[in-house]
> 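Structure incoming, see below.
Counting from 1, the numbers follow the sequence of the chain as shown.
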Amino acid sequence: MPILLLSMGPMFGLELIGDYKVSALVQLILCLPVIIAGRRFFIRGIPALLARYPTMDTLVSVGSGTAFIYSVILTAMMWTDNIGDVHLYYESASMILTLISVGKYLESRSREKTNDAVNGLKKLVPDDANVMVDGKEVTKAVADLVRGDILIIRPGERISADGIIVSGNASVDESMLTGESVPVDKKEG
C-alpha cells in the first residue's frame, strides 16, 4: 500500500514526497522486501521459461521482474543522468506479487478445507460390515464387499455401502450425503 500511495498519489493530488528522485528511491526500498518475499515465483518461473515449459510462475516472474528491472534502471538514470521525472512501475511489480501470493494462499486454504472435509467423510464409512453368508453372520472388510452381499445393519450403526433393503425398515441418517439432519424412513425395496 505505501508504494501504491507514493506512485499513484500524485494523480489524486496526494504527493507524499515532493522530490521525485527521493520518491523513486523510497519506492525501490519498499519494493525490495516484496520482491524477496515473492522470490519463489522467480526461482520456479525463470527455469521453467528457460526449459520452454512456462507456468503461471513464469508469467508472474516475467511481469513483475520486467516492471522491477525497468524501474531500477530508470531510478539509476534519474540519479546519474538527471533525466527528470518518469513513471516507474515498482507498484506494478509489488502488486502482481502481492495479489498472486494472496490468491495462492486462499487457494491452499480452500484446498486444505476440502481435503479435511473429504477425510472427515472417509472416517464416516466403517472399516468392516456384518454380512450374511450361508445363513451365518460374518464380519467382512468393506473393501471386500461385492454386489449381492446381504448386509446386516443394526439400529445406530453406520451403513457401509449402498444397497436395497431386502427385509425390515428403519430411519436412516443421510446427513453425510445430503446435509439433511432429519432421518429418512426406509422400507423394503
Side-chain angles (χ1 to χ4, degrees), residues 1-127 142-143 158 162 173-181:
M1 289 308 291
I3 296 171
L4 198 59
L5 286 173
L6 281 173
S7 65
M8 300 292 184
M11 292 181 203
F12 302 103
L14 180 68
E15 194 152 339
L16 299 175
I17 300 175
D19 185 0
Y20 65 90
K21 288 181 180 181
V22 173
S23 178
L25 202 55
V26 170
Q27 288 180 56
L28 169 62
I29 291 167
L30 289 173
C31 188
L32 281 173
V34 179
I35 295 289
I36 292 167
R39 69 187 174 276
R40 68 182 178 276
F41 294 109
F42 299 97
I43 291 169
R44 291 188 299 232
I46 301 302
L49 179 65
L50 297 175
R52 294 189 176 150
Y53 291 104
T55 63
M56 182 67 171
D57 292 335
T58 304
L59 180 63
V60 172
S61 63
V62 168
S64 59
T66 302
F68 179 74
I69 291 169
Y70 176 79
S71 297
V72 167
I73 291 169
L74 287 181
T75 301
M77 289 172 68
M78 276 183 202
W79 284 87
T80 58
D81 299 338
N82 204 13
I83 61 170
D85 189 11
V86 293
H87 188 73
L88 303 173
Y89 295 97
Y90 290 119
E91 86 286 346
S92 297
S94 298
M95 292 303 287
I96 289 170
L97 290 171
T98 302
L99 292 175
I100 298 296
S101 294
V102 168
K104 285 192 176 251
Y105 168 74
L106 293 174
E107 179 185 6
S108 73
R109 268 190 54 201
S110 176
R111 187 179 302 123
E112 194 174 295
K113 284 183 180 182
T114 301
N115 286 340
D116 290 346
V118 168
N119 289 334
L121 285 174
K122 285 180 181 177
K123 288 178 184 176
L124 292 175
V125 177
D127 296 328
V142 171
R158 291 178 290 172
D162 272 346
D173 178 7
E174 294 180 342
S175 61
M176 72 177 257
L177 296 173
T178 64
E180 177 61 46
S181 60

> Roughly how far apart are Phe42 CZ and Thr58 OG1, rounded to 0.5 Å?
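Nearest 0.5 Å value for the CZ-OG1 distance: 11.0 Å.
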> Just verifying a value: how many Å separate Thr98 OG1 and Glu91 CD, rounded to the nearest 0.5 Å?
11.5 Å
> Is the backbone N or O of Leu88 less than 3.5 Å from a side-chain atom of Ser71, with the two atoms forming a donor-acceptor pair by type?
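Checked: no pair found.
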> With side chains defined as the heavy atoms from C-beta onward, is the minimum distance between Lys104 and Asp57 less than 4.5 Å?
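A side-chain contact under 4.5 Å exists here.
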> As an exercise, state the distance from CD of Glu107 to CD of Glu112, rounded to the nearest 0.5 Å.
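That separation rounds to 12.5 Å.
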> Do any side-chain atoms of residues 16-38 form donor-acceptor pairs under 3.5 angstrom with protein atoms, and if so which ones, sequence neighbours left out?
| residue | atom | partner | partner atom | Å |
| --- | --- | --- | --- | --- |
| Asp19 | OD1 | Lys21 | N | 3.1 |
| Ser23 | OG | Gln27 | NE2 | 3.2 |

> Looking at side-chain heavy atoms only, is the closest gap between Asn115 and Val118 below 4.5 Å?
no
> If only atom types and distance count, is the side chain of Ser110 paired as donor or acceptor with the main-chain N or O of Leu106 below 3.5 Å?
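Side chain of Ser110 to backbone of Leu106, a donor-acceptor pair under 3.5 Å: no, none is there.
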> I'd like to check Val86 versus Met77 (side-chain heavy atoms, cut-off strictly below 4.5 Å). Are they in contact?
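Side-chain contact under 4.5 Å: no.
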> Are the side chain of Thr66 and the backbone N or O of Gly63 linked by a donor-acceptor pair below 3.5 Å?
no
> Using every non-hydrogen atom in the two residues, find where Phe41 and Ser61 come nearest and quote the distance to one decimal.
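Scanning both residues, the minimum pair turns out to be O-CB, 3.6 Å.
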> If I take atom OG1 from residue Thr114 and atom CG from residue Asn119, how far apart are they, to the nearest 0.5 angstrom?
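If I round to the nearest 0.5 Å, the distance is 11.0 Å.
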> Give, for atom OH of Tyr70 and atom NE2 of His87, the distance between the pair rounded to the nearest 0.5 Å.
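Here the interatomic distance stands at 9.0 Å.
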> So do Tyr90 and Leu6 actually touch side chain to side chain, heavy atoms under 4.5 Å?
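The answer is no; the side chains never approach within 4.5 Å.
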> Is it the case that atom CE in Met8 sees more than 12 heavy atoms from other parts of the structure closer than 6.0 Å?
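Result for CE/Met8: enclosed.
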